[in-house]
Amino acid sequence: MTPKKQINHIVKWLRDYARSAKISTFVVGISGGIDSSVVSALCARTGLKTIVVQMPIRQNKKLDNRSSMQAGWLLERHPHVTHMCMDLTKIFNAFDKKLSPFCADDTGDYTSTSELAFANSRARLRMMTLYQIAQAHSGLVVGTGNRVEDFGVGFFTKYGDGGVDISPIGDCMKTQVWAMAAELGIPQEIIDAPPTDGLWADGRTDESQLGMTYPELELAMDMDDDSVWLEKPNKEQAHNLRRYREIRARNMHKMLPIPVCRLDVN
């Protein structure tokens, strides 16, 4: 399927879902990244009311600028798009101050796991904000995760950016998202920017956190599927496959249903 056909297919799917759910508003959190830019553009193409929400939290300036760029790009092209900017830094700072004494080691410093927990708390605060807006406007929160992140390595925050109503690009590889971005005419600066989850003040990239590029991850996902196993993977490919499996195993709890203790056992 060409990028143009993928776009038309997803836009129709969004319209059909909205009709069946009897809603007329999509709510999308925009981060300045490629995924949220593509999803917001796809929602805008439906012709339905689309609310795009910027939610900076101690945000890296470049990311915040790209969020504003995407919002401006949409507003110029779609009169039914509404832009909201909710700076959540003060709210998060209050949360940080309250929880910090309970999340430090004996020296008073954060542990690495505490730092990650606070990063994930940013995503959860944003999720709460999106749902508040969506319910107030009788709308749906639209997910921006792609297939690699949501169903490959679980590179998302549980009950954060993983907490959504619908997932229009959840079956799209990252390279397909880039191709759709080019077809949609998304600003080149956004397309060219290194992918990042936007949860860290230093703007660290997805690649630095995962240790692999998205094309490498996609190949590893294919290799993990026996039907397309490479005959003779080279040393680097074999290493990437092991790395992919390690990340996937560590994050599998995010991609599986919540374990339930069943009482109907013999």
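Residue numbers run from 1 in the order of the sequence given. Just the heavy atoms: all of them, side chains too, but no hydrogens, waters or symmetry mates, feed the values below.
Checked by atom type and distance alone, the side chain of Ser138 never pairs as donor or acceptor with a backbone atom of Ala136 at under 3.5 Å. Between the side chain of Glu189 and the backbone N or O of Arg66 there is no donor-acceptor pair closer than 3.5 Å. Looking only at distances, no side-chain donor or acceptor of Thr46 sits under 3.5 Å from a matching main-chain atom of Leu42. Between the side chain of Arg124 and the main chain of Lys158, a donor-acceptor pair closer than 3.5 Å is present. Looking at Arg126, its side chain does come within 3.5 Å of a backbone N or O of Met55 through a donor-acceptor pair. Checked by atom type and distance alone, the side chain of Arg243 pairs as donor or acceptor with a backbone atom of Leu210 at under 3.5 Å. Distance alone, capped at 3.5 Å, places no donor-acceptor pair between the Asp150 side chain and the Gly170 backbone. Looking only at distances, no side-chain donor or acceptor of Thr50 sits under 3.5 Å from a matching main-chain atom of Val81. Counting only distance, with no hydrogens or angles, the side chain of Glu216 and the backbone of Thr213 share a donor-acceptor pair below 3.5 Å. In terms of modelled atom types and a separation under 3.5 Å, the side chain of Arg248 and the main chain of Gly152 share a donor-acceptor contact.
Here Asn251 contributes atom CG and Glu246 contributes atom CD; the two are 12.0 Å apart, rounded to the nearest 0.5 Å. Note that CE of Met84 is 10.5 Å distant from CG of Leu130, once rounded to the nearest 0.5 Å. Atom OG of Ser37 is separated from atom CG of Leu184 by 10.0 Å, given to the nearest 0.5 angstrom. The NE2 atom of His239 sits 10.0 Å away from the NZ atom of Lys235 when rounded to the nearest 0.5 Å. In this structure, the separation between CD on Glu183 and CD on Gln176 is 13.5 Å, given to the nearest 0.5 Å. Atom CG of residue Asp197 and atom CZ of residue Arg122 lie 9.5 Å apart, to the nearest 0.5 angstrom.
If you check the side chains of Arg45 and Asn8, you find no donor sitting under 3.5 Å from an acceptor. One side chain, Glu149 or Tyr214, offers a donor N or O that lies under 3.5 Å from an acceptor on the other.
The nearest pair of heavy atoms linking Val141 to Gly163 is CG1-O, 4.3 Å. The shortest non-hydrogen separation linking Ala41 to Leu74 is CA-CD2, 3.8 Å. Between Cys172 and Ile10, the closest heavy-atom pair is SG-CD1, 4.0 Å. In terms of heavy atoms, Pro187 sits closest to Gln70 at CD-OE1, 3.9 Å. Counting all heavy atoms, side chain and backbone alike, Leu140 lies closest to Tyr17 at CD1-CE2, 3.6 Å. Counting all heavy atoms, side chain and backbone alike, Ser68 lies closest to Gln54 at OG-NE2, 3.2 Å.
Pairs engaging residues 123-180 under the ring-ring contact (aromatic ring centres under 6.0 Å, His included) rule: none recorded [sequence neighbours left out]. Sorted by first and then second residue, the ring-ring contact (aromatic ring centres under 6.0 Å, His included) pairs involving residues 55-81 (not counting sequence neighbours) are His78-His80.
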Going through the checks in order, is the salt bridge (Lys or Arg N to Asp or Glu O under 4.0 Å) test met by Arg58 and Asp87? CA-CA 9 Å; Arg58 302 177 182 173; Asp87 192 329; over 6 Å; no
Pair His83, Ile51 - check side chain to side chain contact (heavy atoms under 4.5 Å, CB included), show working. CA-CA 6 Å; His83 173 225; Ile51 302 174; over 6 Å; no
Between Arg245 and Asp224, is a salt bridge (Lys or Arg N to Asp or Glu O under 4.0 Å) present by the stated rule, with each step listed? CA-CA 8 Å; Arg245 286 175 170 170; Asp224 202 40; 2.6 Å; yes
Before giving the answer on side chain to side chain contact (heavy atoms under 4.5 Å, CB included), spell out for Trp200 and Gln209 the whole-Å C-alpha distance, their side-chain angles and the decisive distance to 0.1 Å. CA-CA 11 Å; Trp200 304 88; Gln209 295 183 71; 3.4 Å; yes
Decide yes or no on side chain to side chain contact (heavy atoms under 4.5 Å, CB included) for Val177 and Val39, but give the supporting numbers first. CA-CA 9 Å; Val177 177; Val39 169; over 6 Å; no
Please table the atom pairs, donor to acceptor, closer than 3.5 Å between any side-chain atom in residues 21-35 and protein atoms at least two apart or in another chain.
{"unit_1": "Ser31", "atom_1": "OG", "unit_2": "Gly33", "atom_2": "N", "d": "3.3"}
{"unit_1": "Ser31", "atom_1": "OG", "unit_2": "Ser36", "atom_2": "OG", "d": "3.3"}
{"unit_1": "Asp35", "atom_1": "OD1", "unit_2": "Asn146", "atom_2": "ND2", "d": "3.3"}
{"unit_1": "Asp35", "atom_1": "OD2", "unit_2": "Asn146", "atom_2": "ND2", "d": "3.2"}
{"unit_1": "Asp35", "atom_1": "OD2", "unit_2": "Lys174", "atom_2": "NZ", "d": "2.7"}

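In this structure the side chain of Val52 never reaches within 4.5 angstrom of the side chain of Thr82, judged on heavy atoms. In this structure the side chain of Leu88 reaches within 4.5 angstrom of the side chain of Thr129, judged on heavy atoms. Residues Thr205 and Pro195 fail the side-chain proximity criterion, which asks for heavy atoms closer than 4.5 Å. Looking only at side-chain heavy atoms (C-beta outward), Ile186 and Met180 stay at 4.5 Å or farther from each other. Using a 4.5 Å heavy-atom cutoff, the side chains of Arg15 and Val11 are in contact.
For His9, there are no ring-ring contact (aromatic ring centres under 6.0 Å, His included) partners, not counting sequence neighbours. With sequence neighbours left out, the ring-ring contact (aromatic ring centres under 6.0 Å, His included) criterion links Phe92 to no other residue.
Clustering of Ile, Leu, Val, Met, Phe, Trp and Tyr side chains at separations under 4.5 Å leaves Met1 isolated, with no partner residue.
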